[in-house]
Every structure is written in structure tokens, then in C-alpha cells.
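To start, the structure itself, in C-alpha cells.
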Amino acid sequence: MIDNYYTVLNCTTTDHRSGVVNVRLNADCSIYDGHFPGNPVSPGVCNINMIRECAEQISQCKLRIKRIKQCRLTTLITPLTHSQLDVNIDLSEQSDGSLKLNASIGNEGENYLSLKAELTDE
Amino acid sequence: MIFRNNDIYQLIPQRPPMFMVDVVWAATESDADTGLTIQENNIFVENGLFREPGIIEHIAQSAAAFAGYGTFVRGEQPKLGYIGEIKDCVMHEFPHVGDELRTRIELVAEVNGIRLINAEVHVQDILIATCQMKIFLKDD
Amino acid sequence: MEKNELIAKVNSVLAEEFEVEESVITAEANIKQTLQLDSLSLVDMVALIESEFGVKIPAGDLAKVQTFGALYDYLAERQ
């Protein structure tokens, strides 16, 4: 959705339900013109959207977030300090047809953002 | 005092293309009413719909503008704010381009620079989203 | 509310919200450590105390309420 926010370096999955996507944040994304001027900070909502898009890549389905049960953003992510990230995706089907997502963004054992959400097919 | 468009630059540090609140109707110590008209060129519009990141960012910036109203009244600069946590954010509908969001933010608690708020977003009487959120406001 | 009732309610409310056994909540125990509170969940605790007991704990006082015993006393004085 957001042009040039990130680049996928690698995507690994065995079952199209869980896997890891390695990404690089692009420091020249125009979103940083406004967030914030002179002080680029990767917006939490863009990182959440990046997780959704990675879940789409892993599952090969178009997905929308119906409900975020909990999202903890415990580390300030910037494209200059955290250029390489691992996006961990774990999807499981629920009896009502929705998908439960457990996801996180981190690097080298450190966790920056954790997300528990309910998704549906678009 | 109603704040619209560029007036809101006095309340929050965000700027286009990441500027997601275009009116602050009112703010008190405990709550605020804000709004946003969805423009076609909004970065979070896809296929004519204002999507999840836009809805959440609008809520976060509404909460920031609410806090910013307080700092403005005290003659201070707006603080940088970050989303610390989102809980039970239900997004019932995606608004369309041209829709006018109407949002209420209620302050539940404030501890050590973290504000806990509840938010409700409507388009007319259609409920778009509800959410609980914690915002860090950074002291310089 | 009698102090014993207050203590029982505090313990039950916090144990449920933060998913710990009531048995680990003792007067001498440190609140943050026992409930594993970080800066985000500390806000939830303050909000919960306010909604369950009607008592707001300002930042200055919060720093002094380190143990559950201190919390019981704090709330008892303000009920």
C-alpha cells in the first residue's frame, strides 16, 4: 500500500501458514517527509500493515484485519537504526473461517513489535 | 476553539503525507472530538477505501491532537508521540473516499507520560472502529 | 469496605487481569515484579485500580507504592 516502504529480501514458509519474511526498510520512503520532518521514525501503523502484507505473501491470500486483539510496540523503529527486520508470521484457521494471526517484528533475537489479530479473506 | 487543517500543525508534529486528522472540534481535560475527510490521495486509500493503517493512524493522531490541545493552551510546543500499544481494535468497515470521519477520544488514565485512551470512529451513524490505545508522549 | 475485604478484592482483581495466582500476591511482594509490569502494563494497573476502587494514583504517589501492602494501605486511606 505504501510505495517504497520496504523491500522483501527473503520469504521462507513450508506450509503457507507460518514463516519468516526478511525485509529492509527504505530510508528514502516519502512517508518520512511527514513522520517526522528531520527525524525519520517508522510509523507503527506502517509496520502493522507490513505484517499484514507479509501474511498475504506467506498465505497467498488477500487479507484484511478485522480486529487487533493486542499490538505492543516496545521499540522505536527507524529506517536508519533498524534497516533489516525479520517479520515472523503464524496463521491459524478458526472455526468461523477467520484467521488468527500471531506475528512479530524483530532482529537477531530482539523483539520490537508483537501483534495478535484476527484476519479475514478480502 | 476549533482547529482545522494547518491550524493542527500547532497541536501535533506530523505533516503530510502522514497527516491524518483535519479537524479538532473540541477538547477538554477528559475528552476530544476530531475528524478527517478522506481524500483520494490519502496514502492509506486503496481501491477507494481507507484501510486499516489509516483508521489506526487517524485514532493515534486524534489522541496526539487531544494531548497537543493541552500543551497548546499552556503555550508549549507539541510533543512527539508514538503508539505504545493497541488493544481490542475492531475495524467494522472501511470508509470510502469522501467520507467524513467523526471521532471521540476519551482519556482513561495517564501514567509516566503514557496516555491510555478509548476511541470511537463513526461516519454519520455507522460505527467504523473502536479501539483502546496507549500513546507515549516524549518529553524533550 | 473492611480492610480484609479490600485486600481480597485487590488480590482477586489484579490476579485476574495480570494472569497470576492469587497466592503470589502478598503484602511484602513487589507489585511490578510479581505482576511482571512494564511501563505499558503499569498503565493498565492504574486504570484498573481507578475503575474498581475509584481511587486515582498520581505519578508521585505511584512511585512510593512499591509493594501490595503499600497499595492496600493507600487504598484503605482513600476509600
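Chain A is the first sequence line, chain B the second, and so forth, proteins listed ahead of strands; every chain is numbered from 1.
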(message) Can you confirm whether B:Arg15 sits close enough to A:Phe36 that some side-chain heavy atom of one is under 4.5 Å from a side-chain heavy atom of the other?
(response) no
(request) Against chain A, label B:Phe19 side chain, backbone, both or neither, depending on which of its atoms sit under 4.5 Å from a heavy atom there. (result) neither
(message) Are there over 12 heavy-atom neighbours, none belonging to A:Asp3, within less than 6.0 Å of that residue's CG?
(response) no
(message) With a sphere of 6.0 Å drawn around CD of B:Gln124, does it hold more than 12 non-hydrogen atoms of other residues, nucleotides or ligands?
(response) no
(message) If the contact rule is any heavy atom under 4.5 Å from chain A, which residues of residues 28-49 of chain B qualify, in numerical order?
(response) B:Ile43, B:Phe44, B:Glu46
(message) Counting C-beta onward and ignoring hydrogens, is there a side-chain heavy-atom pair between B:Glu85 and A:Cys71 closer than 4.5 Å?
(response) no
(message) Heavy-atom cut-off 4.5 Å, strictly under: side chain, backbone, both or neither for A:Arg52 against chain B?
(response) side chain
(message) As an exercise: rank B:Cys89, B:Gly54, B:Cys131 by heavy-atom pairs under 4.5 Å with chain A and give me the winner.
(response) B:Cys89
(message) Report which part of A:Ile31 has an atom under 4.5 Å of a heavy atom belonging to chain B: side chain, backbone, both, or neither.
(response) both
(request) Can you measure from CD1 (A:Ile48) to CD1 (B:Ile83) and round to the nearest 0.5 angstrom? (result) 6.0 Å
(message) If I compare all heavy atoms of B:Glu52 with all of A:Ile65, which pair ends up nearest, and what's the gap?
(response) OE2-N, 2.8 Å
(message) Do B:Met18 and A:Val45 make a side-chain contact, defined as non-hydrogen atoms from C-beta onward lying under 4.5 Å apart?
(response) yes
(request) Specify the closest pair of heavy atoms between B:Lys87 and A:Gln70, including all atoms of both residues, with the distance to one decimal. (result) CE-NE2, 3.7 Å
(request) Under 4.5 Å, counting heavy-atom pairs only, tell me which of B:Val90, B:Ile56, B:Ile55 racks up the most with chain A. (result) B:Val90
(request) Compare all side-chain heavy atoms of A:Lys66 with those of B:Met91 and state whether any distance is below 4.5 angstrom. (result) no
(request) Take A:Arg64 and B:Glu93 through the salt bridge (Lys or Arg N to Asp or Glu O under 4.0 Å) test and state the conclusion after the steps. (result) CA-CA 11 Å; A:Arg64 70 180 267 179; B:Glu93 302 274 339; over 6 Å; no
(message) So which atom in A:Pro37 and which in B:Pro13 form the shortest heavy-atom distance, rounded to 0.1 Å?
(response) CD-O, 3.8 Å
(request) Run the numbers on A:Lys69 and B:Asp88 for salt bridge (Lys or Arg N to Asp or Glu O under 4.0 Å), then give the verdict. (result) CA-CA 5 Å; A:Lys69 192 167 167 214; B:Asp88 206 17; over 6 Å; no
(message) How close do B:Tyr82 and A:Val41 get, counting heavy atoms only, and between which atoms?
(response) CE2-CG1, 4.1 Å
(request) Sort A:Leu76 into side chain, backbone, both or neither according to what part of it lies under 4.5 angstrom from a heavy atom of chain B. (result) side chain
(request) Below 4.5 Å from any heavy atom of chain A, which atoms of B:Pro16 appear? Answer side chain, backbone, both or neither. (result) backbone
(message) Please report the interatomic distance CD1(A:Ile68) to CD1(B:Ile86), rounded to the nearest 0.5 Å.
(response) 4.5 Å
(message) Among B:His92, B:Glu57, B:Lys134, which residue has the highest count of heavy-atom pairs closer than 4.5 Å to chain A?
(response) B:Glu57
(request) Measure A:Asn39 against the heavy atoms of chain B and call it side chain, backbone, both or neither at under 4.5 Å. (result) side chain
